[in-house]
Chemist: 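Have a look at this one before I ask anything.
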Number of protein chains: 2
Amino acid sequence: MNYSVSEENYIKSIYHLQQQTETVTTNSLANELHTKPASVTDMLKKLQTKKLVEYEKYRGFKLNSTGNKIALNIVRRHRLWEFFLVNKLGFEWDKVHDIAEELEHVSSADLIKRLDSFLNFPQTDPHGDPIPDTNGKIAIIKQQCLTEIAAKKNVVVSSVSNQSPEMLEMLKHYHIAISTTLKVNKHFAFDGSVEIKVSQHASCIISQQVAANIFVHHD
Amino acid sequence: MNYSVSEENYIKSIYHLQQQTETVTTNSLANELHTKPASVTDMLKKLQTKKLVEYEKYRGFKLNSTGNKIALNIVRRHRLWEFFLVNKLGFEWDKVHDIAEELEHVSSADLIKRLDSFLNFPQTDPHGDPIPDTNGKIAIIKQQCLTEIAAKKNVVVSSVSNQSPEMLEMLKHYHIAISTTLKVNKHFAFDGSVEIKVSQHASCIISQQVAANIFVHHD
DNA sequence: ACTTTTTTTTAGATTTGTCTAAATTTTAAT
DNA sequence: ATTAAAATTTAGACAAATCTAAAAAAAAGT
Ligand SMILES: [Mn+2]
Ligand SMILES: [Mn+2]
Ligand SMILES: [Mn+2]
Ligand SMILES: [Mn+2]
């Protein structure tokens, strides 16, 4: 079956919200999509009759397994396009989200298959988020927040949760990017800031706010 | 200003129909877009209030210079994407039109700028049609139909007007593609068929119907 | 010149996705 | 346990894009 751009955006947003909380609320979804709660209720009725969500009035909702599969497919398209935009067209990663938001709705399966192959079957998008495979299987990257890493440990940056231009600017300043290796020197108890050393650069201190947005894995 | 997918499709179709006849009729546009004449009239009123067309009731219509510029920009996007699909993703040229029909509406100017550069500023799309530049300037490729070429002349295939899978199959069989060099041996008066010789292949005869769809230029 | 046919436009509905304002239900607070 | 606040749903309206059926205008035929 084929879904409208609007339906796809709703499905994908429910998916993303479900990563944090099992069941999603009307307000949170309205907020995510920059629409009004009333619109969400309307769309949810539709998604329910199409059997993509479990929904009980006033009780919140979640994707069922069909809905989940569709969501993962949209996420797949979104992230493949983001990868294309950064690695082939040379966009900065803070500029690609909105464009991928449109490209993800182009509905040819063959297109995505070929794009995937053209990009050499990437596993993660430019923000470090895993790209689901054709069957909707998505790698769970076990990662920790920089604030949780013990001192003197070497880690690799795997993803960044805040993907704003301001964050990119900051990360650039610190020479941090996805897959950068860095060492945690010390956590400061006073304000939670963290001293790190990025490859051959002089060690520096990042605020807790920044550290909280950087996710890393060992080795 | 920003236009809806529907508006863009109408604008582009008017542009294409104007290549053949100066002013476009309601029926022909409805036919081109697979809609009903009533829908065309509705949309034309809108395009008129947006000052993109010259339109007099019952009299037909045409794009004004603003409308023309917008059309050329859509055509530019469409053809750049077609080039991408064929030359980067390996699609056959009979499979790309519908996908480009969707991609052309993705509205980032930066995207198209970078795509153009990524593709090395191509001048023509996979069907041999010229790609308008950023300013809406489009090369007029002076070309002739194969039926009009005098015998014993060497020519280069510049475009193909029928872009169906059936035509592609036929052309493949004859080893004809865009920019293929071939020689016209003889025109047969009986049925208008044409004997041609394609590079090192044995000479062959193509029907008038096929010849009429192949456009070539000298040298 | 009149009549018929074709083309185009209007009138009125329909679908999709959205909104505001009011009603309802749930949750939190006293 | 009531009451107040917050969240959610309903009711009703609206814009965009489409359609069908009927009316109007233009073109073609005799
Ligand atoms: Mn989207
Ligand atoms: Mn991403
Ligand atoms: Mn289109
Ligand atoms: Mn083309």
Side-chain angles (χ1 to χ4, degrees), chain A residues 1-14 17-18 20-63 67 70-71 74 101-102 104-107, chain B residues 1-14 17-18 20-63 67 70-71 74 101-102 104-107:
Chain A
M1 200 169 285
N2 236 21
Y3 301 98
S4 74
V5 169
S6 231
E7 287 168 337
E8 289 193 345
N9 284 335
Y10 273 88
I11 293 166
K12 194 179 57 148
S13 288
I14 298 172
L17 290 172
Q18 275 191 235
Q20 296 163 304
T21 53
E22 186 59 26
T23 78
V24 178
T25 66
T26 304
N27 270 353
S28 64
L29 186 49
N31 183 61
E32 178 90 359
L33 287 164
H34 306 107
T35 60
K36 296 294 141 86
S39 309
V40 170
T41 302
D42 285 347
M43 181 57 89
L44 253 103
K45 283 183 198 156
K46 210 204 303 186
L47 295 180
Q48 189 183 30
T49 61
K50 292 197 175 184
K51 294 199 201 303
L52 303 178
V53 294
E54 284 170 38
Y55 168 51
E56 264 184 298
K57 263 194 186 177
Y58 294 101
R59 282 279 122 111
F61 39 84
K62 55 180 165 184
L63 296 171
I70 293 163
I74 304 166
E101 201 58 46
E102 293 187 55
E104 69 187 358
H105 304 290
V106 176
S107 61
Chain B
M1 199 168 286
N2 235 23
Y3 301 97
S4 72
V5 169
S6 230
E7 286 168 338
E8 288 193 347
N9 284 334
Y10 273 89
I11 293 166
K12 195 178 57 148
S13 288
I14 297 171
L17 289 171
Q18 275 191 238
Q20 295 163 305
T21 52
E22 186 61 24
T23 79
V24 178
T25 66
T26 303
N27 269 355
S28 64
L29 186 50
N31 183 62
E32 178 89 358
L33 288 163
H34 306 105
T35 60
K36 298 292 140 90
S39 309
V40 170
T41 303
D42 287 345
M43 180 58 89
L44 252 105
K45 282 184 199 156
K46 208 203 303 185
L47 296 180
Q48 189 182 28
T49 61
K50 293 197 176 184
K51 294 199 199 303
L52 303 178
V53 294
E54 283 170 38
Y55 167 51
E56 264 183 299
K57 262 191 187 182
Y58 294 101
R59 283 279 121 111
F61 39 84
K62 55 181 165 183
L63 296 171
I70 293 163
I74 305 166
E101 200 59 46
E102 293 186 55
E104 69 188 359
H105 304 290
V106 176
S107 60

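Treat the numbers as computed from the prediction; the structure is a model and nothing was measured. Residue numbering restarts at 1 for every chain, and letters A, B, ... go by the order of the sequence lines.
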Chemist: By nearest atom, which of the nucleotides D:dA21, D:dT10, C:dT8 is closest to the A:Ala38 side chain?
Modeler: D:dT10
Chemist: Please report the distance, rounded to the nearest Å, between CD in B:Glu8 and P in D:dA16.
Modeler: 16 Å
Chemist: Return the value, rounded to whole Å, for the distance between atom CG of A:Asp42 and atom C1' of D:dT10.
Modeler: 9 Å
Chemist: What's the CG-P distance between B:Asn31 and C:dT6, to the nearest Å?
Modeler: 16 Å
Chemist: Of all heavy-atom pairs between A:Ala30 and A:Pro37, which one has the smallest distance, and what is that distance?
Modeler: CB-N, 3.6 Å
Chemist: Any side-chain N or O of A:Tyr55 below 4.0 angstrom from OP1/OP2 of D:dT9?
Modeler: yes
Chemist: Where the side chain of A:Glu32 meets the backbone of A:Ser13, is there a donor-acceptor pair that is under 3.5 Å apart?
Modeler: no
Chemist: Nearest to the side chain of A:Ser39, heavy atoms from C-beta on, is which of C:dT18, C:dT10, D:dA7?
Modeler: C:dT18
Chemist: Does C:dT6 have OP1 or OP2 under 4.0 Å away from a side-chain N or O of B:Asn27?
Modeler: no
Chemist: Any idea which of C:dT18, D:dT9, C:dT8 is nearest the A:Pro37 side chain?
Modeler: D:dT9
Chemist: Can you measure from OG1 (B:Thr35) to OH (B:Tyr10) and round to the nearest 0.5 angstrom?
Modeler: 4.0 Å
Chemist: Atom CD of B:Gln48 to atom P of C:dT9: distance rounded to whole Å?
Modeler: 10 Å
Chemist: Starting at CD of A:Glu7 and ending at C1' of C:dT15, how long is that distance when rounded to a whole Å?
Modeler: 12 Å
Chemist: Treating A:Gln18 as the side-chain partner and A:Lys62 as the backbone partner, does any N or O pair qualify as donor plus acceptor under 3.5 Å?
Modeler: no
Chemist: For B:Lys45 and for A:Lys36, find the nucleotide of DNA chain C with the closest heavy atom, then tell me which residue's nucleotide is more 5'.
Modeler: B:Lys45
Chemist: Round to the nearest Å and state the distance from B:Glu56 atom CD to D:dA26 atom C1'.
Modeler: 14 Å
Chemist: When you measure from the side-chain N and O atoms of B:Thr41 to the phosphate of C:dT10, is any distance below 4.0 Å, counting only OP1 and OP2?
Modeler: no
Chemist: Would you mind reading off the distance between B:Met43 atom CE and D:dA16 atom P, rounded to a whole angstrom?
Modeler: 10 Å
Chemist: Tell me which nucleotide among C:dC19, D:dA26, C:dT8 gets nearest to the side chain of B:Arg59.
Modeler: D:dA26
Chemist: Counting heavy atoms from C-beta on, name the nucleotide in D:dT8, C:dT8, D:dT18 closest to the side chain of B:Thr25.
Modeler: C:dT8
Chemist: Starting the side chain at C-beta, find the nucleotide from C:dT20, D:dA21, D:dT18 nearest to B:Ser6.
Modeler: D:dT18
Chemist: Looking at B:Glu7, B:Glu101, B:His105, which one forms a side chain to side chain donor-acceptor pair (under 3.5 Å) with B:Lys12?
Modeler: B:Glu101
Chemist: In whole angstrom, what separates B:Phe61's CZ from C:dT8's P?
Modeler: 8 Å
Chemist: Quick one: on DNA chain C, does A:Lys57 or B:Tyr58 contact a more 5' nucleotide (nearest heavy atom)?
Modeler: B:Tyr58
